[in-house]
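Okay, structure first, notes after.
For reference, positions follow the sequence shown, starting with 1.
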Amino acid sequence: MPPASPDFSSSVKLKYVKLGYQYVVDHFLTLLLVPVMVGILIEVVRLGPQEIVNLWNSLHFDLIQILCSSFFIIFIATVYFMSKPRCIYLVDYACYKPPVTCRVPFATFMEHSRLILSNNPKSVEFQMRILERSGLGEETCLPPAIHYIPPKPTMEAARGEAEVVIFSAMDSLFKKTGLKPKDIDILIVNCSLFSPTPSLSAMVINKYKLRSNIKSFNLSGMGCSAGLISIDLARDLLQVHPNSNAVVVSTEIITPNYYQGNERAMLLPNCLFRMGGAAILLSNRRSERRRAKYRLVHVVRTHKGADDKAYRCVFEEEDKEGKVGISLSKDLMAIAGEALKSNITTIGPLVLPGSEQLLFLLTLIGRKVFNPKWKPYIPDFKLAFEHFCIHAGGRAVIDELQKNLQLSAEHVEASRMTLHRFGNTSSSSLWYEMSYLEAKGRMKKGDRIWQIAFGSGFKCNSAVWKCNRTIKKPTDGPWEDCIHRYPVHIPEVVKL
């Protein structure tokens with residue numbers, strides 16, 4: 001028998017077919033205009049030099065036409081440049097690195113839990129099970145007041161933690177950027193649970209003797225996504241205040257919020273939240289364009305607070321014994337999924353290539369018109385971004401987003417390693433992840449970064465950055481002494 005012809009349908013990989021489809025759709029206008037331009041060029045070549053001269057001489061211009069045309073062009077150009085939003089640059093940022101004396105290994109954490117909750121061994125066992133599956137490592141840190149037995153969450157200790165974290169991050173930022181305190185035009189400080197009077201922003205102004213006409217803001221109660229809310233606020237302010245610098249400080253003060261009761265839903269934050277903070281310098285000055293690390297492209301905010309379940313899924317309240325803590329609902333992951341769905345529906349058309357948008361639209365029409373049981377098409381966000389910074393809120397959060405967005409292990413590496421090394425540092429976790437990517441030397445000019453954060457309320461916020469220049473591996477920063485050890489293998493369960 002003659003040999004059978006090869007089965008080309010099995011030998012041709014579908015990924016190459018998809019790549020060809022994406023190229024055709026994304027460059028549709030180019031592919032359409034090229035033949036037209038080639039045809040025009042051929043027709044011009046066919047004409048002789050004399051015919052071209054005659055054609056030019058047949059055109060008549062008078063002074064009024066030239067003046068009107070020039071005025072119209074200048075008017076359109078002026079309107080365009082005045083209505084065009086100002087570019088917002090991220091010049092640099094600095095993350096706080098806690099001292100070794102604040103380190104809380106698993107053994108230390110569990111010993112303290114046994115001593116503090118000696119009357120309730122079940123709560124101790126529950127915390128141990130959470131810690132085993134948390135994805136945290138042995139080097140995460142808690143503030144000094146929590147190291148006491150029992151903890152001493154006084155106002156003085158909380159202020160002390162805030163001063164150490166914020167001032168250290170600010171000093172590092174001044175050193176890295178050469179910024180002087182008098183050059184700060186806008187200051188935004190966000191801390192969700194600790195809101196003293198005077199505010200934390202006033203504390204910064206007092207410490208560095210900032211100008212009296214500075215525009216300062218203090219955001220509280222907005223959860224782990226407050227960092228991106230601060231970025232959005234800074235962007236809006238920089239749009240209306242030309243030639244300005246804005247400093248954003250993102251942190252969470254742990255000292256006054258350590259729960260000492262027995263409610264399991266309130267014990268969860270004790271196992272996950274750790275010390276951390278970051279200071280970010282944003283600017284709309286053109287002079288900062290060359291040295292800035294990133295340019296802000298989009299900020300998309302989604303709020304599900306109108307729904308009662310979403311509103312109460314992260315809730316600060318008193319337990320039966322009158323002890324205050326943060327209660328995390330069992331519906332948290334489902335609510336986070338709904339918030340993420342709303343957020344990516346908004347951000348998708350802004351960032352996805354035309355090929356992905358067309359496939360999504362066709363699938364949506366097919367589900368509505370032909371068969372509602374069709375699987376919804378999940379856009380491939382890997383075509384829109386090179387790097388993903390997912391809020392390191394916990395292992396389950398990272399797992400869920402990796403699954404839903406169909407990301408690889410490398411795409412979520414920065415989030416997992418940040419959770420392992422520093423724990424959940426709330427709104428500042430995204431900047432530890434950015435620092436991880438830089439420390440690994442992965443940030444190249446033109447790379448696009450997607451930051452995703454969740455917060456109480458319930459909120460899901462996104463920020464899109466574009467790398468302004470190839471970033472060399474930093475010689476300082478929070479990963480300075482340990483980046484060579486990462487990535488590390490994180491087992492499903494760490495037996496304690």
Side-chain angles (χ1 to χ4, degrees), residues 88-99 161-191 199-211 214-219 226-228 230-231 233-235 237-238 243-253 275-285 287-296 389 418 422 425-439 443 449 451 463 465 467-469 471-480:
I88 308 300
Y89 299 104
L90 192 162
V91 180
D92 212 333
Y93 62 95
C95 298
Y96 169 71
K97 184 179 179 181
E161 181 194 350
E163 290 173 357
V164 168
V165 173
I166 295 175
F167 296 163
S168 297
M170 290 283 289
D171 290 343
S172 181
L173 182 69
F174 289 144
K175 183 179 178 181
K176 293 174 75 172
T177 61
L179 183 74
K180 296 179 181 178
K182 66 178 182 180
D183 295 330
I184 301 175
D185 304 288
I186 299 166
L187 174 67
I188 302 171
V189 179
N190 67 263
C191 179
S199 66
L200 295 177
S201 60
M203 182 184 77
V204 174
I205 292 171
N206 176 259
K207 165 68 176 179
Y208 295 101
K209 310 305 177 188
L210 303 184
R211 301 198 321 253
I214 190 170
K215 298 167 182 62
S216 70
F217 301 84
N218 197 92
L219 306 182
L228 295 186
S230 299
I231 295 295
L233 175 59
R235 180 191 63 171
L237 291 168
L238 288 172
N243 202 36
S244 299
N245 291 320
V247 170
V248 172
V249 179
S250 294
T251 188
E252 191 59 75
I253 304 306
M275 285 180 80
I280 305 100
L281 172 60
L282 302 173
S283 181
N284 58 14
R285 295 180 176 180
S287 58
E288 300 288 6
R289 179 178 180 179
R290 297 190 66 181
R291 73 162 181 156
K293 284 187 172 181
Y294 306 97
R295 177 173 61 85
L296 182 60
C389 293
T418 296
F422 295 100
T425 59
S426 191
S427 58
S428 64
S429 67
L430 298 174
W431 303 107
Y432 288 92
E433 294 167 27
M434 290 270 274
S435 183
Y436 178 87
L437 294 169
E438 291 180 8
M443 284 293 185
I449 307 99
Q451 291 182 327
W465 303 89
C467 192
N468 207 39
R469 55 181 171 85
I471 299 173
K472 297 179 181 179
K473 292 183 181 181
T475 56
D476 56 1
W479 299 93
E480 175 189 0

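- If you take CD1 on Ile184 and OG on Ser283, they are separated by 11.5 Å, rounding to the nearest 0.5 Å.
- Seen from the ring of Tyr93, Lys176 counts as a face-on cation partner, given the 6.0 Å and 45° thresholds.
- Side-chain contact check for Glu163 versus Lys207: every heavy-atom pair is 4.5 Å or farther apart.
- Asn190 places no side-chain N or O within donor-acceptor distance of the main-chain N or O of Leu219, the cut-off being under 3.5 Å.
- Among all heavy-atom pairs drawn from Tyr294 and Cys467, the shortest one is CD2-CA, 3.7 Å.
- Residues Asp476 and Lys175 form no side-chain contact, since every pair of their non-hydrogen atoms from C-beta on lies 4.5 Å or further apart.
- With hydrogens and angles disregarded, no donor-acceptor distance shorter than 3.5 Å links the side chain of Tyr96 to the backbone of Met275.
- Remark: the backbone N or O of Thr177 is paired with a side-chain donor or acceptor of Arg291 at under 3.5 angstrom.
- To the nearest 0.5 angstrom, Ser250 atom OG is 8.5 Å from Leu430 atom CG.
- Using modelled atom types, no side-chain atom of Asn245 and backbone atom of Asp185 make a donor-acceptor pair closer than 3.5 Å.
- When all heavy atoms are compared, the tightest approach of Ser428 to Gly276 is OG-C, 3.7 Å.
- Heavy atoms from other residues, nucleotides or ligands lying under 6.0 Å from CZ of Arg469 number more than 12.
- You'll find the side chain of Asp183 stays beyond 4.5 Å of the side chain of Phe174, heavy atoms only.
- With a 4.5 Å cut-off on side-chain heavy atoms, Leu187 and Phe217 do not count as touching.
- Taking both residues in full, the closest heavy atoms of Val248 and Ala234 are given as CG2-CB, 4.0 Å, listed atom of the first, atom of the second, then distance.
- Nearest heavy-atom pair across Ala278 and Ala169 is C-CB, 4.3 Å.
- Taking NZ of Lys180 as the start and CG of Leu210 as the end, the distance is 14.5 Å to the nearest 0.5 Å.
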Full working for side chain to side chain contact (heavy atoms under 4.5 Å, CB included) between Glu433 and Gln451: CA-CA 9 Å; Glu433 294 167 27; Gln451 291 182 327; over 6 Å; no
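- Within the 4.5 Å cutoff, side-chain heavy atoms of Met203 are placed close to those of Phe167.
- Using modelled atom types, no side-chain atom of Lys182 and backbone atom of Arg211 make a donor-acceptor pair closer than 3.5 Å.
- The shortest distance between side-chain heavy atoms of Leu238 and Ser244 falls below 4.5 Å.
- Each of Lys472, Lys473, Glu438 was scored for a side-chain contact (heavy atoms from CB on, under 4.5 Å) with Met443, with one residue passing: Glu438.
- The two residues Cys191 and Leu200 come nearest to each other via the heavy atoms CB-CD1, 3.6 Å.
- Residues Arg235 and Leu282 have side chains not in contact (no heavy-atom distance under 4.5 Å, counting atoms from C-beta outward).
- Side chain of Asn284 to main chain of Asn243: a donor-acceptor pair is present (N/O by atom type, distance under 3.5 Å, no hydrogens or angles).
- Between Val247 and Leu179, some side-chain heavy-atom pair lies under the 4.5 Å cut-off.
- At distances below 3.5 Å, not a single donor-acceptor pair connects side-chain atoms of Asp92 with backbone N or O atoms of Lys293.
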Yes or no on side chain to side chain contact (heavy atoms under 4.5 Å, CB included) for Leu296 and Trp465, after CA distance, side-chain angles and deciding distance? CA-CA 5 Å; Leu296 182 60; Trp465 303 89; 3.6 Å; yes
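- Cys389 approaches Leu437 most closely through the heavy-atom pair SG-CD1, 3.9 Å.
- For Tyr436 (side chain) and Trp431 (main-chain N/O), no donor-acceptor pair under 3.5 Å exists by modelled atom type.
- Summarising the geometry, atom CE belonging to Met434 is positioned 6.0 Å from atom CG belonging to Leu90; distances are rounded to the nearest 0.5 Å.
- Not one N or O on the side chain of Trp479 forms a donor-acceptor pair closer than 3.5 Å with the backbone of Thr418.
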Passes side chain to side chain contact (heavy atoms under 4.5 Å, CB included), Ser199 versus Val189? Steps please. CA-CA 9 Å; Ser199 66; Val189 179; over 6 Å; no
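- When atom types are taken as modelled, the side chain of Ser168 and the backbone of Val164 share a donor-acceptor pair closer than 3.5 angstrom.
- To the nearest 0.5 Å, atoms CD1 (Ile166) and OG (Ser201) are separated by 9.0 Å.
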